[in-house]
Amino acid sequence: MRFVPAMAQSTPPIHIETEHVSLVLAVGDKQHVYQTYLGPKLAAADHQLLPNRHEAYVTAGTTNLFEPAIRVIHTDGNPSLDLAFADVKVQKPLGNVRGDATTTTVHLRDPKYPVDVLLHFTAYFKEDVIKTWTEIKHREKKPVVLTSYASAMLHFDAHKYWLTQFHGDWAEEAKQVESQLTSGIKIIDTKLGTRAGWYQTPSFFLGLDRPAEETTGDVLAGSLAWTGNFRLAFELDNQNSLRMSAGINPYASEYTLPANQAFVTPEFIFTYSTTGKGQASRNLHRWARRHGGTLDGLQPRLTLLNNWEATFFDFNEAKLDGLMGDAAKLGVDLFLLDDGWFGNKYPRNGDAQGLGDWQTTKTKLPNGVGHLVQTATKEGIKFGIWLEPEMVNPKSELFEKHPDWTLKLPNRPDDLYRNQLVLDLTNPKVQDFVYQTVDEQLSQGVAYVKWDCNRMISSAYSQYLGRDQSRLYVDYVRGLYKILERVRQKYPHLPMMLCSGGGARADYGGLRYFTEFWASDNTDAFERIFIQWGFSQFFPSNTIASHVTNWNRSHSLKFRTDVAMMGKLGYDIEVEKMTPDELKFSQQAVKDYKRLSPVIWQGDLFRLRSPYEGNQASLMYVDEAQRQAVLYGYNLHTRFLETVLPVKLQGLDPAKRYKLTEINLMPGQKSELAANGQTYSGDYLMKVGVILSDREAKPLTSHILELVAE
């Protein structure tokens with residue numbers, strides 16, 4: 001990498017650019033730095049003409065009358081900050097390769113106090129994604145207090161603004177709602193500590209001038225990479241300008257910062273599209289796969305069979321041995337042992353005890369995890385295990401030995417949720433224990449971890465932090481990341497699923513350490529279409545774990561499988577109870593999924609028909625060469641005599657001709673789709689389309705078609 005020297009006093013505009021997007025900053029009055037432009041790529045020659053309307057990173061305590069990006073209380077009690085331009089550095093790839101990332105760092109400094117703020121921007125040229133974060137440090141004699149510390153602040157000028165947010169609860173994650181922003185401030189935040197995304201998610205769309213559609217409209221898509229309390233603020237001022245800030249929620253987190261230490265905020269990742277939400281999603285998906293938004297994003301994933309719905313807590317060694325044989329018979333890559341395998345003084349036969357005692361229960365598994373790994377190896381598959389290492393039951397040996405390791409208020413009764421408490425990850429000794437818990441399992445040959453987190457932080461008090469409790473929410477997440485960094489140093493490529501009682505930890509802060517996340521405990525296939533649709537707005541398909549289960553047995557096995565094949569396929573089902581036809585169907589589905597997984601995992605996603613807008617849903621994945629695609633159609637609850645129009649496809653080469661073949665048919669079933677076996681030009685498929693269901697189709701039926709260019 002090479003550095004571009006700092007610019008002179010008469011600083012030219014600072015341009016942070018990708019292939020199609022420009023973010024322009026300029027030094028103006030009193031050496032303040034302004035955001036002068038954010039939008040479609042603008043010719044550099046025109047950057048000098050842009051007006052200095054919005055200060056890029058607004059401070060508190062001086063002339064600002066609206067939401068600040070940063071507020072500092074100095075050691076003398078002064079609550080103001082004034083940030084002036086100091087210099088800028090641009091770190092480009094060697095040889096200035098246009099396809100790689102360029103990092104621009106804008107250095108701001110207070111003229112009166114020794115406080116420095118560094119605004120970092122990394123622009124990913126080909127993906128049209130910009131990542132930004134802030135670094136705060138000082139040289140005052142005593143610690144200063146940070147009461148606001150945004151990762152990013154962006155400004156917009158449009159006639160109107162529409163915000164698309166995603167919210168929910170357990171078993172109803174990622175529900176999508178859009179509303180127009182009006183004068184004042186709209187806050188999306190969480191104060192839950194661990195299960196931060198339980199009710200609100202740290203990702204959004206912002207439509208400018210009019211609501212953004214899937215293929216039309218100017219839209220910014222943003223996502224905060226933080227696995228803790230977050231805050232997104234959208235403030236529409238008296239001049240109809242919009243100020244957006246994103247970062248850690250400063251609630252109960254006034255951070256005391258010693259001299260010469262840097263406070264580094266989490267990254268805010270965003271992209272700008274002039275052609276709607278679909279292109280914004282594809283930009284984020286490509287960035288995540290190629291640049292570490294998810295671990296090993298370009299590598300294959302494992303299909304698996306989980307035991308939870310087959311056994312719950314009731315199993316033994318022989319039962320698990322048999323289930324691993326079923327996994328091999330099904331054709332998946334891995335068997336995942338869920339909750340209930342640990343604890344001896346307090347065996348884990350339910351969720352009221354044993355959590356924290358990570359030794360195999362001798363009455364269930366007399367030969368330990370090593371035997372299960374050996375059985376899996378004999379069956380030609382891998383073995384994975386469930387852990388919830390951040391939590392503890394009071395009825396456990398761990399709690400009896402280390403009650404001071406939990407978060408709990410002094411002089412107050414324990415606040416239990418799911419019969420458990422949260423371990424204090426601000427404490428280095430607890431961090432060591434959690435790391436050793438994971439390492440002990442992996443050292444026995446475990447090849448996959450489902451890392452769960454089933455409760456929020458309440459009664460928030462750390463005995464380790466003592467009187468400095470305002471560090472708790474921030475340092476808990478930093479402690480979690482320290483553990484995960486240690487795990488990844490020793491096991492850099494071991495696949496792990498990020499789970500939080502469902503999808504309450506779907507964020508790019510945690511996902512950088514994981515290969516996938518569990519989208520929801522709700523595996524009802526109808527509900528999963530909406531849940532997976534929501535998460536697909538920001539996360540690529542190879543990160544969204546989607547399992548075939550018996551949550552709703554009224555849905556056909558085919559429908560459940562077709563929905564699960566939308567994401568990263570897995571099973572949580574009793575294979576031994578399948579009929580011969582169901583087993584044969586499932587075995588073929590696994591084979592087809594593995595064959596098509598390069599397209600599903602690495603291809604571009606096109607959402608064709610939204611379940612929010614009608615009684616059908618449809619989407620497709622197209623490979624980069626536009627030679628192969630996988631098309632999904634779901635008939636939800638088509639009404640009597642409802643007109644069903646052809647689905648117009650996207651992302652194909654109009655000059656190529658594609659043969660369509662329906663897959664995932666039950667044994668003996670023939671395709672009833674007119675398009676099956678037919679060949680069409682890409683132009684025809686995108687302008688005319690094909691019927692994927694009709695008024696005669698039964699509710700909750702589905703079709704998957706493979707497209708191959710001839």
Query raised in the report: Between T105 and V88, is a side chain to side chain contact (heavy atoms under 4.5 Å, CB included) present by the stated rule, with each step listed?
Result: CA-CA 6 Å; T105 299; V88 61; over 6 Å; no
Report task. May I ask you to test the R486-L484 pair for a side-chain heavy-atom distance under 4.5 Å? Result -> no
Requested in this report: Check the side chains of D82 and H32 for a donor-acceptor pair under 3.5 angstrom, ignoring hydrogens and angles.
Outcome: yes
Report task. Check whether any side-chain heavy atom of L220 lies under 4.5 Å from a side-chain heavy atom of L154, and answer yes or no. Result -> yes
Query raised in the report: Are T543 and E516 close enough that a side-chain donor and a side-chain acceptor fall under 3.5 Å?
Result: no
Requested in this report: Show your reasoning for whether side chain to side chain contact (heavy atoms under 4.5 Å, CB included) applies to F125 and T102.
Outcome: CA-CA 8 Å; F125 185 80; T102 297; over 6 Å; no
Requested in this report: Keeping the roles fixed (side chain from Y113, backbone from H138), state whether a donor-acceptor pair exists under 3.5 Å.
Outcome: no
Requested in this report: May I ask you to check if K191 and Y251 form a cation-pi contact, with NZ or CZ under 6.0 angstrom from the six-membered ring centre and within 45° of the axis?
Outcome: yes
Query raised in the report: Between the side chains of H107 and D116, does any donor sit under 3.5 Å from an acceptor?
Result: yes
Query - K41/E19 under salt bridge (Lys or Arg N to Asp or Glu O under 4.0 Å): CA gap, chis, key distance, verdict - result: CA-CA 7 Å; K41 189 72 166 279; E19 188 171 15; over 6 Å; no
**Report entry** S500 backbone acceptor or donor facing R195 side chain under 3.5 Å
**Finding:** yes
Report task. Determine whether Y508 and W226 make a side-chain contact, defined as any pair of heavy atoms from C-beta on separated by less than 4.5 Å. Result -> no
Query raised in the report: Relative to Y255, does R478 satisfy both conditions: NZ or CZ under 6.0 angstrom from the six-membered ring centre, and within 45 degrees of the ring's axis?
Result: yes
Query raised in the report: Hey, mind stepping through T426 and D475 against side chain to side chain donor-acceptor pair (under 3.5 Å) and telling me if it holds?
Result: CA-CA 5 Å; T426 70; D475 285 359; over 6 Å; no
Query raised in the report: Distance-only, no hydrogens or angles: does the Q537 side chain make a donor-acceptor pair with backbone N or O of W533 under 3.5 Å?
Result: yes
Query raised in the report: Mind checking whether Y124 and W287 have parallel, tilted or perpendicular rings, split at 30° and 60°?
Result: perpendicular
Query raised in the report: With a 4.5 Å heavy-atom cut-off, do W451 and P389 have their side chains touching?
Result: yes
Requested in this report: Take E390 and R505, measure what salt bridge (Lys or Arg N to Asp or Glu O under 4.0 Å) needs, and give me the verdict at the end.
Outcome: CA-CA 14 Å; E390 301 167 61; R505 273 186 169 174; 2.8 Å; yes
Query raised in the report: Taking the side chain from T515 and the backbone from T294, do they hold a donor-acceptor pair closer than 3.5 Å?
Result: no
Requested in this report: Would you mind reporting whether D468 and T256 have side-chain heavy atoms less than 4.5 Å apart?
Outcome: yes
Query raised in the report: Under the side chain to side chain contact (heavy atoms under 4.5 Å, CB included) criterion, do D218 and D209 qualify, and how do the steps go?
Result: CA-CA 8 Å; D218 281 31; D209 288 319; over 6 Å; no
Query raised in the report: Can you name the nearest heavy-atom pair linking P13 to V24, along with the distance?
Result: CB-CG1, 4.0 Å
Report summary line: So CE of M244 and NZ of K186: to nearest 0.5 Å the spacing works out to 15.0 Å
Report summary line: Residues D169 and W198: closest non-hydrogen pair is OD1-NE1, 3.0 Å
**Report entry** Whether Y272 side chain and A221 backbone form a donor-acceptor pair below 3.5 Å
**Finding:** no
Query - Distance-only donor-acceptor check, side chains H20 and D128, under 3.5 Å - result: yes
Report summary line: Between the CG atom in L118 and the NZ atom in K137, the distance rounded to the nearest 0.5 Å is 5.0 Å
Requested in this report: Taking the side chain as every heavy atom from C-beta outward, state whether V21 and E17 have any pair of such atoms under 4.5 Å apart.
Outcome: no
Query raised in the report: So, T194 side chain and R455 main chain: donor-acceptor pair closer than 3.5 Å or not?
Result: yes
Requested in this report: Give the intermediate values and the outcome of side chain to side chain contact (heavy atoms under 4.5 Å, CB included) for residues L242 and H155.
Outcome: CA-CA 6 Å; L242 181 67; H155 302 269; over 6 Å; no
Query raised in the report: For R607 and S281, does a side-chain donor sit closer than 3.5 Å to a side-chain acceptor?
Result: yes
Query raised in the report: Do the non-hydrogen side-chain atoms of V219 and L206 ever get within less than 4.5 Å of each other?
Result: no
Report summary line: Output for pair (Y149 OH, R71 CZ), nearest 0.5 Å, gives 12.5 Å
Requested in this report: Can you see which heavy atom on N522 is nearest to which on A171, and at what distance?
Outcome: ND2-O, 2.9 Å
**Report entry** Shortest non-hydrogen separation from H74 to V115 and the atoms involved
**Finding:** CE1-CG2, 3.7 Å
Query - Between OG on residue S541 and CD on residue Q532, distance to nearest 0.5 Å - result: 10.5 Å
Report task. May I ask you to decide if Q279's main-chain N or O and S273's side chain share a donor-acceptor pair within less than 3.5 Å? Result -> no
Query raised in the report: Judged by atom type as modelled, is there a donor-acceptor pair below 3.5 Å linking the side chain of S462 to the main-chain atoms of L465?
Result: yes
Report task. Measure the spacing between CG of L163 and CD of Q180 and express it to the nearest 0.5 Å. Result -> 11.5 Å
Requested in this report: Output yes when a side-chain donor or acceptor of R528 lies under 3.5 Å from a complementary backbone atom of S520, and no otherwise.
Outcome: yes
Report task. Decide yes or no for L42 and L50: does some side-chain heavy atom of the first lie under 4.5 Å from some side-chain heavy atom of the second? Result -> yes
Query raised in the report: Going by the angle between their ring planes, with limits at 30° and 60°, are Y481 and Y513 parallel, tilted or perpendicular?
Result: tilted
Report task. Among Y161, F204, F66, find the one that has a ring-ring contact (aromatic ring centres under 6.0 Å, His included) with F234. Result -> F204
Query raised in the report: Would K277 and E178 count as a salt bridge (Lys or Arg N to Asp or Glu O under 4.0 Å) if you check the C-alpha gap in whole Å, the side-chain angles of each, and the deciding distance to 0.1 Å?
Result: CA-CA 13 Å; K277 296 175 180 176; E178 186 171 49; 3.6 Å; yes
Only distances under 3.5 Å count here; give the side-chain donor-acceptor pairs of residues 257-270 to other protein atoms, sequence neighbours excluded, each with its distance to 0.1 Å.
unit_1 : atom_1 : unit_2 : atom_2 : d
T265   : OG1    : T134   : N      : 2.9
T265   : OG1    : T134   : O      : 3.4
T265   : OG1    : S151   : OG     : 3.2
E267   : OE1    : R512   : NH2    : 3.0

Report task. Using only heavy-atom distances, determine whether the side chains of T147 and E254 contain a donor-acceptor pair under 3.5 Å. Result -> no
Query raised in the report: Would you find a donor on one side and an acceptor on the other, under 3.5 Å apart, between the side chain of N240 and the backbone of A158?
Result: yes
Query - Atom pair CD/CG of E140 and N78 - distance to nearest 0.5 Å - result: 9.0 Å
Requested in this report: Taking atom types as modelled, find out whether T227 and D507 have a side-chain donor-acceptor pair closer than 3.5 angstrom.
Outcome: yes
Report task. Output every pair passing salt bridge (Lys or Arg N to Asp or Glu O under 4.0 Å) with a member in residues 155-168, not counting sequence neighbours, ordered by first then second residue. Result -> R53-D157
Query - D424 and Y476: side chain donor to acceptor below 3.5 Å - result: no
Query raised in the report: Looking at W601, is K568 sitting on its ring face, NZ or CZ under 6.0 Å from the six-membered ring centre and within 45 degrees of the normal?
Result: no
Query raised in the report: Is the gap between the ring centers of F535 and F166 under 6.0 Å?
Result: no
Query - salt bridge (Lys or Arg N to Asp or Glu O under 4.0 Å) contacts in which one or both residues fall within residues 287-297, not counting sequence neighbours - result: E127-R290
